[in-house]
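Counting starts at 1 for both ligands and their atoms, following the listed order. Because the structure is predicted, anything quoted here is derived from the model rather than measured.
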Amino acid sequence: MQTDLFKIAENFRVNGKVKNVFPYGSGHINDSYKVLTTEQNYLLQRVNQEVFKDIRSLTSNMIRVTDYLTDLISDNNPDERKVLNTIRAQNGNYFYTDDELDCWRVFDFIEDSQSYDRAVNTDLAYEGGKTYGWFIKMLDQFPADSLAETIPSFHDIQFRLENFRNALKKDVAGRVGVVQKEIDFVEQRAEEITLIHNLGKEDKIPLRVTHNDTKINNVLFNADNKGICVIDLDTVMPGYVHFDFGDAIRTFTNTADEDEKDLKRVSMDLNLYRAFTEGFLTETKEILKEAEISTLAFSAKLMTFIIGLRFLTDYLDGDVYYKTKYPEHNLTRARVQFRLIESMEDQFEEMVSIIDNLT
Ligand code: ADP
Ligand code: GN1
Ligand code: MG
């Protein structure tokens, strides 16, 4: 495998001679490796083709968006933001398909950076908010409808509910019996949770370029914990600002890990929420519409619900989508999301008033 990885890395126009390649990062979807050459470091990824069916369109989205951002910051970049730089393969393409039909790509490694799975303090949450807010703001004028949908209906709650109900009917893994409490939780909220989806259908909120996977470990921070780079751009496509704000609140404010087994440890920390929101709105409040701002707090419940539902559905499907480390892993993750929603429900008035006070 090691020599294969060397060969794969050498299929890209990297500077210097490849010295070492080793697994890197903790994403649930792609396989990432750090590549060391005699000249510099790179990040090599095998893209998950079960999840991403159209790598050509995905790559085109990514290159168009990163080129656009790179241009925008070329002569004004006070916060020293960085943009992912994709390295071409020897054949000139931005990805390379090997003999096994696995698909690979390479980025410049962002040096002196770190990613976190939890916000260690409010400064980090504020910086994360600023970084994801910056991304939304910079892409405000980019024609969202010219981007491909890399995963169709990715954050479409109706689609996710349908998938869940189909999984219940099929019960391929024989697990429905153990999730009655979770089924009740979902069905009790299934109607009210469609609020944003309905606003979108009625054209009351604008489609924007959104990241759609704004978990905390998709931001790189520098040694001083300043947010410097938004990574994991596979799901950049048309969406609502709610998708990015809500998904980020899900991970930036959780007092426990995404797969914490002791649910007593799981809650939404209001101080982390305030800090993230302040950072996010510092960047975006000038461009967001009233109908977006007034429903922003709700998006935290929506995105935590969607992702909890997806973990639960994958558990029922027999763990076919997310990487898992043990048989109940997806169920544990779903339970954490649902506990977090309860904590958000308990603090919802404060969540709304924090946004009111910041806008
Ligand atoms: P996944 O889709 O599996 O989450 P990511 O693109 O988020 O894959 O990459 C996984 C991890 O690799 C990230 O959380 C981050 O720690 C690290 N990483 C990704 N790209 C870079 C980069 N260009 N420079 C440095 N680290 C990176
Ligand atoms: C996946 O790729 P990664 O680990 O950043 C998933 C997200 C989920 C997240 C839950 C393409 O994100 O949608 O919110 O796991 N990405 C995809 O942790 O499905
Ligand atoms: Mg990631």
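Only the side chain of Phe311 comes within 4.0 Å of ligand 2, counting heavy atoms alone; its backbone N, CA, C and O stay farther away. When heavy-atom distances to ligand 1 are checked against a 4.0 Å cut-off, Ile110 comes that close through both its backbone and its side chain. For Asn218, every heavy-atom contact with ligand 1 shorter than 4.0 Å involves the side chain, none the backbone.
Among all non-hydrogen protein atoms, the one lying nearest atom 1 (C) of ligand 2 is Ile29 CG1, 3.8 Å. Counting only heavy atoms of the protein, atom 12 (O) of ligand 1 lies nearest to Tyr24 CD2, 3.9 Å. Scanning the protein heavy atoms around atom 11 (C) of ligand 1, the nearest turns out to be Gly25 CA, 3.8 Å. Among protein heavy atoms, the minimum distance from atom 19 (C) of ligand 1 is reached at Ile231 CD1, 3.6 Å. Taking atom 8 (O) of ligand 1 as the reference point, the nearest protein heavy-atom neighbour is Gln45 NE2, 3.3 Å. Counting only heavy atoms of the protein, atom 18 (O) of ligand 2 lies nearest to Glu258 OE2, 2.6 Å. Looking only at heavy atoms of the protein, atom 15 (O) of ligand 2 is closest to His28 CD2, 3.3 Å. For atom 23 (N) of ligand 1, the nearest non-hydrogen atom of the protein is Asp108 O, 3.1 Å. The protein non-hydrogen atom at the shortest distance from atom 3 (O) of ligand 1 is Asn30 N, 3.0 Å.
Annotation: Lys226, atom NZ; neighbour count of heavy atoms from other residues, nucleotides and ligands within 6.0 Å does not exceed 12. Heavy atoms of other residues, nucleotides or ligands lying less than 6.0 angstrom from NZ of Lys261 number 12 at most.
At least one N/O-N/O distance between Arg310 and ligand 2 falls below 3.5 Å. Ligand 2 has a nitrogen or oxygen under 3.5 angstrom from a nitrogen or oxygen of Asp213. Any N or O atom pair closer than 3.5 Å counts here, and Tyr321 shares at least one such pair with ligand 2. For the pair Asn212 and ligand 2, the shortest N or O to N or O distance does not fall below 3.5 Å.
Cation-pi geometry between Lys82 and Phe107 is not met at under 6.0 angstrom from the ring centre and within 45 degrees of the axis.
The aromatic ring centroids of Phe154 and Phe243 lie 6.0 Å or more from each other.
Not one N or O on the side chain of Asn30 forms a donor-acceptor pair closer than 3.5 Å with the backbone of Ser32.
Per-residue contacts place Asn218 under 4.0 angstrom from the following atoms of ligand 2 (heavy atoms of the residue considered): 5 (O). Numbered from 1 in the order shown, with element, the atoms of ligand 2 that lie under 4.0 Å from a heavy atom of Asp232 read 2 (O), 3 (P), 5 (O).
Between Arg250 and ligand 2 there is a heavy-atom distance shorter than 4.0 Å.
A ring-ring contact (aromatic ring centres under 6.0 Å, His included) with Phe280 is found for exactly one of Phe245, Phe135, Phe252, namely Phe245. Of the listed residues (Tyr24, Tyr42, Tyr33), just one forms a ring-ring contact (aromatic ring centres under 6.0 Å, His included) with Phe109, and that residue is Tyr24.
For the pair Asp319 and Arg175, the salt-bridge criterion is met [side-chain N within less than 4.0 Å of a carboxylate O]. Here Asp99 does not pair with Lys7 in a salt bridge; the nearest charged N to carboxylate O distance is not below 4.0 Å.
The name of the N, O or S atom in Asp232 nearest to the Mg ion (ligand 3) is OD2.
When distances to the Mg ion (ligand 3) are checked against a cut-off of 2.8 Å, Asn30 contributes no N, O or S atom below that limit.
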